[in-house]
Amino acid sequence: MASHNRKRFHVCCAHTSTHHCNSFVSTQPNQNTLRCAMDVPLRLGVFTSLSLLQVWLILSLVEADTRLLLTSNGTITGEKHSEEYCAMYDICGKRSDGKVVNCPFGTPAVKPDDLLSSKIQSLCPTITGNVCCTEAQFDTLKAQIQQAIPFLVGCPACLRNFLNLFCELTCSPNQSLFINVTSVDNVGGNLTVGGIDYFVTDAFGEGLYESCKDVKFGTMNSRAMQFIGAGAQNFKEWFAFIGRKAAPNGVGSPYAITFQPTATMSSGMKPMNVSTYSCGDVSLGCSCGDCPSSSVCSNSASTTTRKRDSCSIKVGTLMVKCVDLILAVLYIILICVFLGWGLYHRIRERKSTYRTKSVSNDISDGALYSRNREKDDNLPMQVHIMEDVQQNRNGVRLSAVQGYMTNFYKKYGSYVARHPIMVLVSSLAIVLFLCLGLIRFKVETRPEKLWVGHASKAAQEKQFFDSHLAPFYRIEQLILATVPDRLNSTSPRIVSEDNIRFLFEIQKKVDAIRANYSGLMVSLQDICLKPLDKDCATQSILQYYKMDPKNFDDYGGVEHLNYCFEHYSSADQCMSAFKAPLDPSTVLGGFSGNGYSEATAFIVTYPVNNAIDKEGNETAKAVAWEKTFIQLVKDELLPMVQSRNLTLAFSSESSVEEELKKESTADAITILVSYLVMFAYISLTLGDSLHSSSFYISSKVLLGLSGVILVMLSVLGSAGIFSALGVKSTLIIMEVIPFLVLAVGVDNMCILVHAVKRQQPEFPLERRISNALVEVGPSITLASLSEVVAFAVGSFISMPACRVFSMFAALAVLLDFLLQVSAFVALIVLDSLRAEDKRVDCFPCITVHSSHADPNTGIGQRKPGLLARYMKEVHAPILSIWGVKIVVIAIFVGFALASIALSTRIEPGLEQEIVLPRDSYLQGYFNNVSEYLRIGPPLYFVVKNYNYSSESTQTNQLCSISHCNSDSLLNEIAREALVPDTSYIAKPAASWLDDFLVWVSPEAFGCCRKFTNGSYCPPDDQPPCCAPGESTCVADGTCKDCTTCFLHSDLHNDRPSTTQFREKLPWFLSALPSADCAKGGHGAYTSSIELKGYDSGIIQASSFRTYHTPLNKQIDYVNSMRAAREFSSRVSDSLKIEIFPYSVFYMFFEQYLNIWKTALINLAIAIGAVFIVCLAITSSLWSSSIILLVLAMIVVDLMGVMAILNIQLNALSVVNLVMSVGIGVEFCVHMTHSFIVTSGDRDQRAKEALGTMGASVFSGITLTKLVGVIVLCFSRTEVFVIYYFQMYLSLVLLGFLHGLVFLPVVLSIFGPPSRCLVIEHGEDRSSASS
């Protein structure tokens, strides 16, 4: 043995009474000995000289010995650097941290005994024969390698190469050929190796790195290189990490290792160049997840999700979308066809005029039209009134439905005029009875109940995940950030001593929170998530100090952070208090790449246990703590932060729900003002021209107020009916529907009042009411029924909030219509009687006897107003000009086609900031999340009914270690993680299955172990195998007889049998991870598997966790969910295993996956329903088609405006689009109906329709909505400004333009024929009547 060849020489140097004895070790057996100088020549003289010489001699001997040792190792050739010779042999010392170090002695390689040889062969099969390591050295190697094996055992090629590197270093018989000791240390009085040069070829280094760089460490959703190589990007960086000499208690080698690629010829050394194994070697079975470059993986079909590139065409230097180009060409073609048709039509008309001298039919129609208009304009000519009214009524050819409606309204109007009180009281009694249902009125504020349908796939998947695995934890979060510099807009670094100490102060206050829940004081420790059942899994940079402020100085202050940023995955001192590595990207924000020290924000996350029962005590405790937490931040933390020139954003799990509740009162004043403005406008609109002498009689304030009350009653009646049926209301219903129904109801009120005004004042009141209802009743009914149908279509939307909103709105509009034609008509009768009796408005008991009062003042006053004269004398004549018609058609068709192109740019989603009040603290929080977070939400791939039995192939279809299928689930996830831009998957999945298979593997000899009695034996660094010390666990020999659970012969293709799987899975899930075995499943996978019923060989539910990439926009959330679902569907179909993705936000974003489909289907149904209603009532396919065209253009144009205003497509905007169909009907129906029942040619009838109904449509429909909508722009909540002010304003303006500009032009060109019959005055009345 080499110990026999060592010679120790003791040099004893006397100095007075003190003796220093140093031990020096010679490295050569034949070297001349160093002798001890016991006597000093007397000729040196004085005692002082003797003392100095002694000191010098001591130093010289030490230096000479060291120099001699290094020289002999560094320069001597021959046997010093030759085969079968060692450069360092045996262990000569142990550092203060327990790390053993080798002896720096050269010695011939030694033949081991059979037991040691077999041990070495089991770990280092390339080393045979003599060796350069003792049994103690080999045991040390095995203990150190043991910590790395669980990371690499999934890829045998990587593990083999990695073991070869250290086996050759420790035990190779040719060690001296590639190892050169470059420095020595003195440990415990013995010389030990302090540093070496390890000559390794670049080919071996490259092969080693390439085989290991992609190997996964599933537990932490990362690569193993993060842990065994500090994230090295090449083999040189990895070698530099491996060779770094460890500080006391630090990670790394006990001596410095400098890797050199080549040696000088004179040294006689040769770099180590053992053959490397490629991870693509099929015989070694590396998985595709660990080796994407494998030929098996390269040949597999690439099914990676790709972005859907829209079709584009290059036109010159511009890239134009195919849709845009097609629409532009279509527009040009349509305009050319229209111009050609118009030119042909005009030429043909002129030729026909010249060719035909007699145009008796046209003259007759024109004469009748002129005669009718003349009589209509000449109001005092009462001689013709009765005849004309009778003639007009009998001269209109009505459909069967319109005929029935006309007869009904004629009789009904007379009845209401005769019995106004009875009609009013009975209608009010019915609606008040419906309001009794409000006793059961409830408001739903829970987000999951508002925005997620009962049949939602995501909701069902969430229910499965929560009930079979565990509910996703609640999140409480703080974001502490520096304030950007105003000059250069850059933020200072947050990582400083002051800020860290301040963060400790904040943490102290959070820890001190005590929330009162039913007399029980709740702290963070009571509710927080504890993976190992001891410490909270708080995600904070303070975890690098074990959450203890005392450790800040002990660990080295800020420098410790910089160290942990590089070694967070491998250094024990950087481990969190809850015994897990902490990725800096989860606790820092505002940095790029790996520049953690440049971060500008601390992110502190408190995961809190969640419960399935949202109404239970556990949830209530958490909510109570969250409210106290938010109050603490507002009252104490914010002032502290602001005083330090920092910013603080914060949120809790219940914050959104609490802020939504506040929203209900945030805009109460705004909505009230909107109602008051509309009420004031109604009162002025319903009244006549302002004359000071008769204003108090002609005003309609009381009538307007009564109409508003009827609208409110219709809303309350609707709410009462649904409340009685158990349907909960929402805040949107409470705030929007009254306004909506008021806007719709006012239209009917104005049209009814204006219709009565147009009647001859000389007629009896009963006939005026009857004629007015006959005139406008059918169109009001048509418009109202169309609105009801359009709103009711919204009930098909799956989102509960919007579905309930549509149901409430449809019923409210229906009740409002019924009250308008009953109670409000009765009120008109009563108001007319008041005006005829010259009683004062609002004070009907007071009668005015002034001579200035006009006897005809009131409802019966019929004098064209300014607006009516404008429509008849200005607006209509301009639109009748042929050139204007061409321009109008061109502009409206062009904008419609442009809107189709723009609508393709509308993004789905609903920004959270929009839903909340502008002054909500969550506004700043959401902005900070988008700015600072560098990691996305957790993503789980859930597998149902996994069959782990030996007969099944599903284990290899799921796993991603050796011998797993190349297209397995986890391999596919790893492949998707390589293209995060399209897959939105950031990392490979944490796989309990991979880790379990590695854990039971015989190679991971420190993991699955058993005592001699067959019970579970933990790793050597865990109790009871060691006695717990202050910081480390010291082995005491308790587990020396433990053996691995299985031998290779016990497994079948490295897979456990059904029985073995069933027995060892609970062991794995209860095993704590530690340095000796990092694969323990307790904590990391406790909630990843449902063990209930697993004895049958089927695991009902299990999950594999990964993360999405950072998601900053709503479209990112939507696309990430779509990509995950498409991926899961594809893999499920391929593997024939039921797999679905789950993330906590999926439930709220599922609606956006098919929002376009939902929108288009609902719009098609709404427009189709309106078309059917119009066709059924009018029996005119022609006029119904024109209404359909205009409605479609209004909707399309509204979508174009949405794109221009960047309004997203969501349930709110879909409901608004559906409602635009109902509201747009009013702009079309009345004009079209008036056009049909008027005589003359198309131009004349278009002018007449504008003169008759134009003013009513503008004042009664456009302005009433406009004044109410404008007030909403002052809302404090962005959702009202965007989805109710901007969209409703756009709808009103588009409806006005289409109804009073585009529609008259279309009717004047393509309008249906008149249903007015030409009746000569000389004809018999009876025949005309018949």
Side-chain angles (χ1 to χ4, degrees), residues 115 117-125 142-143 145-160 163 218 283-287 290 946-965 968 991-1020 1022 1025 1039-1071 1073 1076-1082 1085 1089 1091 1094-1099 1102:
L115 178 61
S117 178
S118 62
K119 286 184 177 180
I120 294 175
Q121 281 287 301
S122 66
L123 190 66
C124 307
K142 185 176 180 181
I145 291 296
Q146 173 183 319
Q147 299 181 10
I149 285 178
F151 292 93
L152 307 176
V153 70
C155 182
C158 168
L159 179 62
R160 186 73 271 149
L163 290 177
S283 64
L284 293 173
C286 288
S287 71
D290 292 332
Y946 158 45
N947 186 345
Y948 63 81
S949 66
S950 303
E951 296 76 16
S952 171
T953 61
Q954 289 191 2
T955 296
N956 288 339
Q957 288 181 311
L958 295 178
C959 65
S960 63
I961 60 172
S962 59
H963 305 299
C964 296
N965 294 359
S968 69
S991 169
W992 68 266
L993 182 57
D994 283 357
D995 285 357
F996 172 66
L997 295 177
V998 169
W999 187 80
V1000 299
S1001 171
E1003 281 88 355
F1005 45 78
C1007 293
C1008 185
R1009 307 195 306 170
K1010 59 185 178 181
F1011 287 110
T1012 54
N1013 62 3
S1015 61
Y1016 172 63
C1017 175
D1020 285 332
Q1022 294 181 23
C1025 296
C1039 301
K1040 60 183 176 60
D1041 295 328
C1042 289
T1043 58
T1044 57
C1045 294
F1046 307 112
L1047 301 176
H1048 278 289
S1049 58
D1050 298 328
L1051 304 177
H1052 179 67
N1053 291 331
D1054 290 335
R1055 297 290 182 262
S1057 66
T1058 306
T1059 302
Q1060 292 167 341
F1061 199 111
R1062 182 189 306 118
E1063 291 176 352
K1064 298 303 182 284
L1065 183 58
W1067 285 17
F1068 167 71
L1069 295 177
S1070 61
D1076 280 359
C1077 181
K1079 293 292 186 177
H1082 187 69
Y1085 301 121
I1089 311 166
L1091 292 180
Y1094 90 107
D1095 291 340
S1096 63
I1098 302 293
I1099 295 177
S1102 64

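Counting from 1, the numbers follow the sequence of the chain as shown. Side-chain atoms are counted along with the backbone in the values below, which use heavy atoms only and exclude waters and symmetry mates. Remember, it's a predicted structure, so these values are computed and weren't measured experimentally.
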Legend entry - Sulfur-sulfur distance Cys1017/Cys1039 under 2.5 Å: no
Calculate, to the nearest 0.5 Å, the distance between atoms [atom1] and [atom2] belonging to [X] and [Y] respectively.
| X | Y | atom1 | atom2 | answer |
| --- | --- | --- | --- | --- |
| Thr953 | Asn965 | OG1 | CG | 7.0 Å |
| Leu1091 | Ser1102 | CG | OG | 10.5 Å |
| Ser1057 | Phe1046 | OG | CZ | 7.0 Å |
| Lys119 | Cys124 | NZ | SG | 13.0 Å |
| Arg1062 | Ile1099 | CZ | CD1 | 11.0 Å |
| Asn956 | Ile961 | CG | CD1 | 8.5 Å |

Heavy-atom distance under 4.5 Å between the side chains of [X] and [Y], does that happen here?
| X | Y | answer |
| --- | --- | --- |
| His1052 | Ser950 | no |
| Leu1051 | Pro1002 | yes |
| Gln1060 | Arg1055 | no |
| Tyr946 | Leu993 | yes |
| Pro1066 | Tyr1016 | no |
| Arg1009 | Cys1025 | yes |
| Cys1007 | Val1000 | no |
| Asp1076 | Gln1022 | no |

Inset, instruction - With side-chain contact (heavy atoms from CB on, under 4.5 Å) as the test, would you mind laying out the steps for His1048 and Asp1054 before giving the verdict? - result: CA-CA 7 Å; His1048 278 289; Asp1054 290 335; 3.7 Å; yes
Indicate the atoms forming the closest heavy-atom contact of [X] with [Y], along with that distance.
| X | Y | answer |
| --- | --- | --- |
| Ala1078 | Pro1073 | O-CB, 3.9 Å |
| His963 | Asn1053 | CD2-O, 4.2 Å |
| Thr1044 | Leu1047 | OG1-CD2, 4.3 Å |
| Leu997 | Pro1056 | CD2-CD, 3.7 Å |
| Asp994 | Ser991 | N-OG, 2.8 Å |
| Ser1070 | Trp1067 | OG-O, 3.0 Å |

Side chain [X], main chain [Y], donor-acceptor under 3.5 Å:
| X | Y | value |
| --- | --- | --- |
| Tyr1085 | Leu1069 | no |
| Ser949 | Thr1058 | no |
| Ser952 | Asn947 | yes |

Inset, instruction - Give the ring-plane orientation class for Phe996 versus Trp999, where under 30° counts as parallel, over 60° as perpendicular and anything between as tilted. - result: parallel
Legend entry - Plane angle bin for Phe1061 and Tyr948 - parallel if under 30°, tilted between 30 and 60°, otherwise perpendicular: parallel
Inset, instruction - Please step through side-chain contact (heavy atoms from CB on, under 4.5 Å) for the pair Phe1005 and Ile149, ending with a clear verdict. - result: CA-CA 9 Å; Phe1005 45 78; Ile149 285 178; 3.5 Å; yes
